[in-house]
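Accompanying notes for the structure given below.
So you know, we letter chains A, B, ... as the sequences are listed, proteins then strands, and number each from 1.
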Amino acid sequence: MPRIRLHGAYRELAEGRRDLEVPAASVRGALAALTAAQPVLAERLRDEHGRLRDHLSLFVNGYDVRGLAGEETTMRDGDTLDLIPALSGGAP
Amino acid sequence: MSRSIALLVGTRKGLYVFRSDASRATWEASEPHAELAPIYHASFDPRDGVSMYVAANASWGGPRIEVSRDRGRTWKAVANPAFPAGGDRTFSRTWHIEPGHLKEPKVVWAGTEPAALFRSDDRGESWSLVRSLDDQSTRAQWVPGFGGMGLHSIAIDAADPRRMSVGVSVGGVYTTTDGAATWATDNEGIEYMFPDGPAGSVAHCIHKLLAHPLDAGLRFMKVHEHVYWREPSATSWTQVTAGLPDAFGFAAAIHPHDPATAFVIPLAGRQRLAPPPGIAVWRTRDRGRSWERRTTGLPPAPLEVLREGLATDRLDPLGLYFGTANGEVWASRDEGDSWTRVAQYLPYVLSVHAATIPD
């Protein structure tokens, strides 16, 4: 199964879980499985209309999904999806 | 009955709680909570004596409302307010959380950005958009102020839970007398920032609107420019700015036991800092007819206090508290006459709420 790795505050919110394996064939499916297992993350990842939050970066096997097929990016056994918060600076 | 105070201090980097007994002589600080989130507001629910609510507006991970059922010792995130599907609005911040009327013990109200009013019927666990306000045709006139477009003031009548006013920046005052079934604009008497503003415009930049907790119908308000008083029988706002050093400012508070007394912290309109010779709390004892400058113990410094930055407790003599942009919290236990510093070196203080906690 694909594996999800949680980083930063997402890990804290998930009670310290660093990673988990999920039955999914795409990034979208992996995120759905993640929030089913960790409901506290649902509103941290998406707004009320289902859009991914700003400051959330998703990488499949080290590649930013924005350069792949976004949430439709295919995931296979052994693939890794990294959830990384806030790849940005603060105030000037 | 012995009571204590918990000062809920919201900063740009989390919530700090300072606790004291009724003497308010010494304060014990907590570790920060939600330190990655700007805390626009935190409030205590005096109806159950245990609940607290926090508006945690993290830029990443999205905003969230957190609730404590043990007076701030542990917290949990609750279901977010949500705008209707198909619209162009996304819940981005909570500006204010107000426990409802004593006669409605499970009702809690939240004002948000984009500006809207949400109601909870389960003590803050879940939220519903108040569509009657959202459907106002004048909502099309609402525009953001410098800090965004928020509904930040929720003023509930002391006697009648069906009577409530809300303040919007920039969108004026709306009042309901039928439990939020219908609303009416309530801006009569408020001076337009631009003298030739169109008739009927709601473009008033409300900064803080308060209802007296005991005297039904009495309201007090700080607008972008000017301070206003509203007697229960009046049909328009009375401007009471004369005597203050500057018409600008955000923070306002009303004395919970004495309906003739209120407080403001004026700022210089251009710099948005306390005008020379420095920070001062201005007090009226006569419903805004005159103002007195209270500064004993305060530094002669141009400090800044925001709209949620001034609060009172419910003790006698009254305790008064304010927080500053440079991370200080100041307290008075003699109704503003003299001041001592509770904390310094905090992050930028966005909000202060004084919870008067029963034993």
How far does OG1 of B:T90 sit from CZ of A:R53, to the nearest 0.5 angstrom? 8.0 Å
Can you check whether B:R64's main-chain N or O pairs, donor with acceptor, with A:E43's side chain at less than 3.5 Å? no
Can any side-chain N or O of A:R44 pair as donor or acceptor with the backbone N or O of B:P63 at less than 3.5 Å? yes
Are the side chain of A:E48 and the backbone N or O of B:P84 linked by a donor-acceptor pair below 3.5 Å? no
Main-chain N/O of B:G62 paired with A:H55 side-chain donor or acceptor, under 3.5 Å: no
If you count the non-hydrogen atoms of other residues, nucleotides and ligands that lie under 6.0 Å from CZ in A:R76, is the total more than 12? no
Chain A contact via B:R12 - which portion, at a heavy-atom distance below 4.5 Å: neither
Side chain, backbone, both or neither: which part of A:A42 has a heavy atom under 4.5 Å from chain B? neither
Chain B contact via A:R51 - side chain, backbone, both or neither, heavy atoms under 4.5 Å: side chain
With a 6.0 Å cut-off (strictly less than), is the heavy-atom count around CZ of A:R28, excluding the residue itself, greater than 12? yes
